[in-house]
Amino acid sequence: MVTIDSRGIYYMNLNKQIRQEVKNGADEILLKNVNGQRYIADAIRGNIKFTIEGIPGNDLAAYMDGPEVIVKGNAQDAVANTMNGGTIVINGDAGDTLGYAMRGGEVFIRGNVGYRVGIHMKEYGEQIPTIVVGGKTGDFLGEYMAGGIIVVLGQPDGNEVIGNYCGTGMHGGVMYIRGEIPAHKLGREVQTAELTDKDIEFLEGIISRYKDYFKLQLKDIKCSDFTKLQPQGTRPYGDLYTKY
Amino acid sequence: MTVKKPKFLIDRDRELCNDCGVCVRQCANEVHYADEKNKQIKCKPAECVNCQRCVSLCPKGALAVKQAPQEFSGNANWNIDIINAIQAQADSGGILLTGMGCSRPMPSYFDRMMLNASQVTNPSIDPLREPMELRTFLGRKPASLTLEGSQPTELPPQLELEIPIMFSAMSFGAISLNAIKSLAAAAESEHTFYNTGEGGLHKDLFQYGKNTITQVASGRFGVDIDYLNAGSAIEIKIGQGAKPGIGGHLPGEKVGRDVSETRMIPIESDAISPAPHHDIYSIEDLTQLIFSLKEAIEYTKPIFVKIAAVHNVAAIASGIARAGADVIAIDGYRGSTGAAPLRTRDHVGIPIELALAAVDSRLRDEGIRNEVSLVVGGSIRHSADVVKAIALGADAVYIGTAALIALGCHVCQKCYTGKCNWGIATQRPELVKRLNPEAGAERAANLIRAWKHEIKELLGGMGINAIESLRGNRLMLRAVGMTNKELEILGVKAAGE
């Protein structure tokens, strides 16, 4: 394992050092004293484990394809921006636009996330990105979502789990939100659907992984309590135009 | 009122037509058909878009398409187009959708600028006898260099073009794979670049990587590590001249299996690219995206930022330069598109000539012109437009519509229907295969080479033997019929001065 003390290192130099370690064949990198450095694990590919002590800056794991990233604190904005593969585990809260245009891989957040999380998520074939939020989310969750899965556990109380305008423009993918969702919180293009056995099976699996990552019990979360959200159609704005 | 009135009429010369049926097979709009009883070819002109496909391919030369002789009352204000538009909206309640660039008869500033030529006091140069340098480098030019021997120790990444003309962004989805292959191969043979647009990179196109600019837009379609590394530069698309301030909806009709795979969206869904990048609400946020890309490619390639020409373009461009972009691409209001709301296309944005002059002047005034290259597009129609753009301060130009016309486009403005009979703005396999990418590449390359000769002639006539000496050399331009304010913004003198 390679350890880098990140204290006071400018992000460009830190990331250069990280890329060099990856090129040298490091399979496990511990970053200590991280304090807001941007773009950590940006476009890194391969089977590498990053452990981050402190708070990584914006665009953590942007375009990343494969590594595992464990954050032992909060994360800032734009985590997993356009990420293609790998796993991110955040032992705290994360900021806005997490998972923007995410194409694959998984992000587990122990706590809350900000606005515009999971917007433009995509999928094709077997490559399906997943975001699991342990706490609550801000507005515009899953906006313009074209694929992928978002799960919101709504801890600690399961009340007011998401913000407004959830799923506006959604035309693919699925969201599972704990509890009932008042209609005024949903975008016009989403609809609720009955949970199938397959959905329950998926939720059981993913929640159990969440519990393992954060060593939690979560006895009061029942899979049957989740509301499933899916797009009303694949062409939300198909009727908007007149051919001229 | 709801009966569709034909815009065009088909003139079929019955003397020449032998009912061979080529027109029937060529028309995806199903205008031509064979009469069931006597097998004679007839037509339903209401569906005709005047793409000229049947006219061009009729082996007997029997067809012509002309404006339908619909005479409305003759009120110049409430003219036929306005009345038809209102009727269409009263029928549907929809936004009027169109394709290509602004078709309003707005005055062209390029057309009102004349180029200089040498007479007696300074010799012109004959490009047939003497070398003429058109090579262009796009990228940040440092204010100073440290040399090791004769080589600079560190130089920001540059794109090297043999001619200052590139093919502008047109996505896989908006145009066909064969159209992109044509442009990619032409860019390769002429040592310049084509731009993927925002639709990702089809796997067949990776081979043209060194002549590719990959684009990242708000929908982030097809963006992964391989895509970012595939090309020689990355362009962040903020806006486009045909539809400044709004995003793109690739109609579901054009989202088949390949487009769905490349973009990672459901088949037949609309590909939605909203107006803003939802992570860019400021110049500082733009910096964040620019540097996330630079980090991803380890600072090896220039980053373009493309914007539409709008009212405060000079201040915006200054911000973009300071945000860390290496090249700023500016698209004028005549810039084209596969699909845009009619009113946005025709009424939003400003002319590229004024935007370019304003940006170039502003960056010079601020002492940062060297920190970015400027690429302009938005109706560069011929080589003289290229020369005038460079004299106004551009480093290079983007051409889109002109390149598509080389491939067969007749500017019918129906790209959004996905029924392009020329195999360009369509994803239907039977239409796409009409465009042979090898033939297309040759035609696009011919166009570039023809313009190259013309540019050299124009330069030689001015007594200039390197494009570098023309760049921002506004003394080579004189204006006809402009106001003092226009002259001031363009930084050119009136003809005769």
Inset, instruction - Measure distances from A/Y144 to the heavy atoms of chain B and classify the residue's part below 4.5 Å as side chain, backbone, both or neither. - result: side chain
Legend entry - CG on A/D42 to OG on B/S292, rounded to 0.5 Å: 5.5 Å
Legend entry - CG/B/D81: more than 12 non-hydrogen atoms of other groups inside 6.0 Å: yes
Inset, instruction - List the steps and the verdict of side chain to side chain contact (heavy atoms under 4.5 Å, CB included) for A/R235 and B/E253. - result: CA-CA 10 Å; A/R235 300 194 62 182; B/E253 286 89 354; 3.3 Å; yes
Legend entry - Euclidean distance, A/D96 CG relative to B/D279 CG, rounded to 0.5 Å: 10.5 Å
Inset, instruction - Begin from the C-alpha positions of B/E298 and A/R19 and carry the test side chain to side chain contact (heavy atoms under 4.5 Å, CB included) through to its verdict. - result: CA-CA 9 Å; B/E298 300 183 43; A/R19 284 194 295 268; 3.2 Å; yes
Inset, instruction - Check each atom of B/K414 against the heavy atoms of chain A and say whether the ones under 4.5 Å are side chain, backbone, both or neither. - result: side chain
Legend entry - Contacting moiety of B/D285, where chain A heavy atoms sit under 4.5 Å: neither
Inset, instruction - May I ask you to check whether over 12 heavy atoms, not counting those of A/Y11, lie within 6.0 Å of atom OH? - result: yes
Legend entry - Side-chain heavy atoms of B/Q288 within contact of A/Y39, under 4.5 Å: yes
Legend entry - Part of A/I119 within contact of chain B (heavy atom distance under 4.5 Å): side chain
Legend entry - Other residues, nucleotides, ligands: >12 heavy atoms within 6.0 Å of A/N24 CG: yes
Legend entry - Over 12 foreign heavy atoms within 6.0 Å of NZ, A/K228: yes
Legend entry - Euclidean distance, A/K122 NZ relative to B/S260 OG, rounded to 0.5 Å: 11.5 Å
Inset, instruction - Of all the heavy-atom pairs spanning B/P266 and A/T234, show the shortest one and how long it is. - result: CB-CG2, 4.3 Å
Legend entry - Side chain, backbone, both or neither of B/F291 within contact of chain A (heavy atoms, under 4.5 Å): both
Legend entry - Pairs of heavy atoms under 4.5 Å with chain B: top-ranked of A/R45, A/M83, A/M64, A/M121: A/R45
Legend entry - Largest heavy-atom contact set with chain A, pairs under 4.5 Å, which of B/A88, B/A271, B/G252, B/G93: B/G252
Legend entry - Pairwise side-chain contact, B/P274 with A/E143, heavy-atom cut-off 4.5 Å (strictly under): no
Legend entry - Closest heavy-atom pair and its distance - B/H277, A/Y100: CA-OH, 3.7 Å
Inset, instruction - Using the side chain to side chain contact (heavy atoms under 4.5 Å, CB included) rule, take A/Y63 and B/L228 through it: C-alpha gap first, then chi angles, then the decisive distance, then the call. - result: CA-CA 9 Å; A/Y63 321 108; B/L228 297 177; 3.9 Å; yes
Inset, instruction - Determine whether more than 12 heavy atoms belonging to other residues, nucleotides or ligands lie under 6.0 Å from atom CZ of B/R257. - result: no
Legend entry - Backbone of B/V223 reached by a side-chain donor or acceptor of A/R103 within 3.5 Å: yes
Legend entry - Nearest-0.5 Å distance, CG of residue A/L240 to CG of residue B/L97: 9.0 Å
Inset, instruction - Decide, yes or no, whether a salt bridge links A/R38 with B/E295 under the criterion of side-chain N to carboxylate O below 4.0 Å. - result: no
Inset, instruction - Check the surroundings of atom OH in A/Y176: do more than 12 heavy atoms from other residues, nucleotides or ligands lie under 6.0 Å from it? - result: yes
Legend entry - Atom group of A/T97 that falls short of 4.5 Å from chain B, counting heavy atoms: side chain
Legend entry - Heavy-atom side-chain proximity of B/Y416 to A/Y241 below 4.5 angstrom: no
Inset, instruction - Side chain from CB out, backbone as N, CA, C, O: work out which of these in B/I265 comes under 4.5 Å of a heavy atom of chain A, or both, or neither. - result: both
Legend entry - Exceeds 12 heavy-atom contacts within 6.0 angstrom, atom CG of A/N35: no
Inset, instruction - Could you tell me the separation between the CD atom of A/Q127 and the CD atom of B/E261, rounded to the nearest 0.5 Å? - result: 10.5 Å
Inset, instruction - Considering non-hydrogen atoms only, spot the tightest contact between B/I272 and A/G169 and give its length. - result: CD1-O, 4.2 Å
Legend entry - Contacting region of B/N229 [heavy-atom separation from chain A under 4.5 Å]: neither
Legend entry - Contact class of A/N84 relative to chain B, heavy atoms under 4.5 angstrom: side chain
Legend entry - B/T262 vs A/Y124, side-chain hydrogen bond (donor to acceptor under 3.5 Å, both in side chains): CA-CA, chis, key distance, verdict: CA-CA 9 Å; B/T262 308; A/Y124 189 80; over 6 Å; no
Legend entry - Side-chain donor-acceptor contact under 3.5 Å, A/T242 with B/S92: yes
Legend entry - Top contributor to chain A contacts, counting heavy-atom pairs under 4.5 Å, from B/N84, B/L293, B/T98: B/L293
Inset, instruction - Counting only heavy atoms closer than 4.5 Å, note whether A/R116 contacts chain B via side chain, backbone, both or neither. - result: side chain
Legend entry - Heavy-atom contact with chain B under 4.5 Å, split by part of A/M12: both
